[in-house]
There are 2 protein chains.
Amino acid sequence: MNHNTKDTHNLFSQYLSEQNLRMTTQRELILKTFCKQKKHVTAEQLYEVLKKVDPTIGHATVYRTMKLLTEAGIARELNFGEGSVRYEPDTSKEHHDHLVCVKCGENIEFLDEEIENLQKRVVTKYGYELVDHSLNLYGICPKCQKS
Amino acid sequence: MNHNTKDTHNLFSQYLSEQNLRMTTQRELILKTFCKQKKHVTAEQLYEVLKKVDPTIGHATVYRTMKLLTEAGIARELNFGEGSVRYEPDTSKEHHDHLVCVKCGENIEFLDEEIENLQKRVVTKYGYELVDHSLNLYGICPKCQKS
DNA sequence: ATGCCTGCAAAATCTTTGCAGTAGA
DNA sequence: TCTACTGCAAAGATTTTGCAGGCAT
């Protein structure tokens with residue numbers, strides 16, 4: 001499920017040194033905390049969690065580090081149209097899309113090979129080179145249908 | 001292609017009176033101008049166009065009206081992760097998804113019945129009731145591949 | 001007249017940036 | 001040591017809200 005923290009730490013260290021950047025205690029802590037999260041978090045939510053561990057940490061550091069983690073391929077930005085970006089671990093090999101409940105926010109990750117293949121077909125048809133894609137299905141979950 | 005302006009005007013008038021709201025000259029102008037746009041516009045871009053016709057129009061009115069048009073089912077919000085929301089005419093009967101070039105922003109609308117059906121299958125599988133969905137494919141267009 | 005609507009400006013969010021001091025390698 | 005990194009606060013960007021006056025019904 002979750003990334004193995006050691007793996008991502010190595011990945012991040014490698015990315016940083018390639019870019020002539022440094023591993024710092026803050027970046028280590030942010031990565032570790034991010035990987036522990038069970039849900040897709042916003043930078044702000046992650047900041048709130050981090051403050052409990054290290055009250056001196058700053059907003060900007062969280063934002064800057066999440067950007068780095070995204071560039072390193074460790075995190076992935078999700079946009080559900082809420083006004084702020086959410087992040088999930090980016091395990092490229094386990095790509096998936098999202099089914100979000102518009103009432104309670106419950107969030108299911110799914111993967112449908114057929115949809116993936118059809119997407120590639122569309123892209124090819126127009127001569128594009130696929131870089132990324134985002135498929136969000138918005139609905140009402142079984143619980144919310146009852147209430 | 002575009003909505004027939006008269007149709008949307010009637011739709012909007014009807015929606016407004018249902019909600020005990022009023023048709024105003026500003027709302028008429030915003031709707032008319034929005035329908036004329038060939039590309040997906042942000043509220044800010046639309047405001048810039050509107051200012052040329054009516055220099056007294058305010059930011060807030062554009063934002064408020066686009067929200068109303070969305071509720072009325074005439075406009076549809078698109079989020080390509082740019083930081084601001086774009087709007088397109090929402091012709092529910094002609095639903096489509098988007099293929100966006102990450103370099104030049106060129107934007108192709110497409111519809112793939114098979115993908116649509118597979119989406120419904122996923123939603124049903126999890127017991128959800130489908131409300132909406134958004135599929136964005138990001139790639140590099142043929143022109144940008146060459147340069 | 002009633003009360004919705006408008007433009008303006010201020011506020012609210014979310015995110016980025018400049019700066020002076022701090023700390024990795 | 002050298003220069004990237006940090007926290008802070010200010011600045012940016014987008015969108016929302018409060019208000020006093022205006023306009024539709």
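By convention in this document, chain letters (A, B, ...) are assigned in the order of the sequence lines, proteins followed by strands, and residues within each chain are numbered from 1.
Here D:dT6 presents its C1' atom at 18 Å from CE of A:M66, a figure rounded to the nearest Å. One interatomic measurement links the two molecules: CD of B:E71 to C1' of D:dT16, which rounds to 14 Å at whole-angstrom precision. Atom-to-atom, CG of B:L16 to P of C:dT6 comes out at 10 Å; the value is rounded to the nearest Å. Rounded to whole Å, the distance from CG on A:L46 to C1' on C:dC14 is 15 Å. Atom CG of B:L29 and atom C1' of C:dT6 are 13 Å apart (whole Å). Between B:D54 atom CG and C:dG7 atom C1' there is a gap of 11 Å when expressed in whole angstrom units. To the nearest angstrom, C1' of D:dT14 lies 11 Å from OH of B:Y87. When rounded to the nearest whole Å, the span between CG of B:L21 and C1' of C:dT2 equals 15 Å.
Between the side chain of B:T65 and the backbone N or O of B:V62, no donor-acceptor pair lies under 3.5 Å. A donor-acceptor pair is defined here as one N or O able to donate and one able to accept, closer than 3.5 Å; such a pair exists between the side chain of B:R27 and the backbone of B:R22.
Across C:dA9, C:dC4, C:dG24, the shortest atom-to-atom separation from the side chain of A:R22 is found for C:dG24. Of the candidate nucleotides D:dC2, C:dC4, C:dT6, C:dT6 has the atom nearest to the side chain of B:Q26. Comparing C:dG7, D:dG7, D:dC5 against the side chain of B:I57 picks out C:dG7 as the nearest. Residue B:K67 places its side chain closer to D:dT16 than to any other of D:dT17, D:dT16, D:dA4. Among D:dA9, C:dC8, D:dC5, the nucleotide with an atom closest to any side-chain atom of A:R27 is D:dC5.
Two residues, B:S84 and A:T61, neighbour DNA chain D, and the one matched to the more 5' nucleotide by heavy-atom proximity is A:T61. Taking the nucleotide of DNA chain C with the nearest heavy atom to each of B:N20 and B:P55, the more 5' of the two is matched to B:N20. Where A:L68 and B:H59 each meet DNA chain D at their nearest nucleotide, the meeting point lying more 5' is that of A:L68.
For B:H98 and B:F110, the ring centers sit 6.0 Å or farther from each other.
The phosphate of D:dT6 has OP1 or OP2 within less than 4.0 Å of a side-chain N or O from A:T24. For the pair B:Y63 and D:dT15, the criterion of a side-chain N or O lying under 4.0 Å from OP1 or OP2 is met.
The pair A:K125-B:D112 does not count as a salt bridge, with every side-chain nitrogen at least 4.0 angstrom from each carboxylate oxygen. Using a 4.0 Å cut-off between charged nitrogen and carboxylate oxygen, A:K52 and A:E48 do not count as a salt-bridge pair.
Contact of B:R64 with C:dG7 (side chain to base): a donor-acceptor pair of N or O atoms is detected under 3.5 Å.
Counting non-hydrogen atoms under 4.0 angstrom, B:T42 reaches nothing in the nucleic acid.
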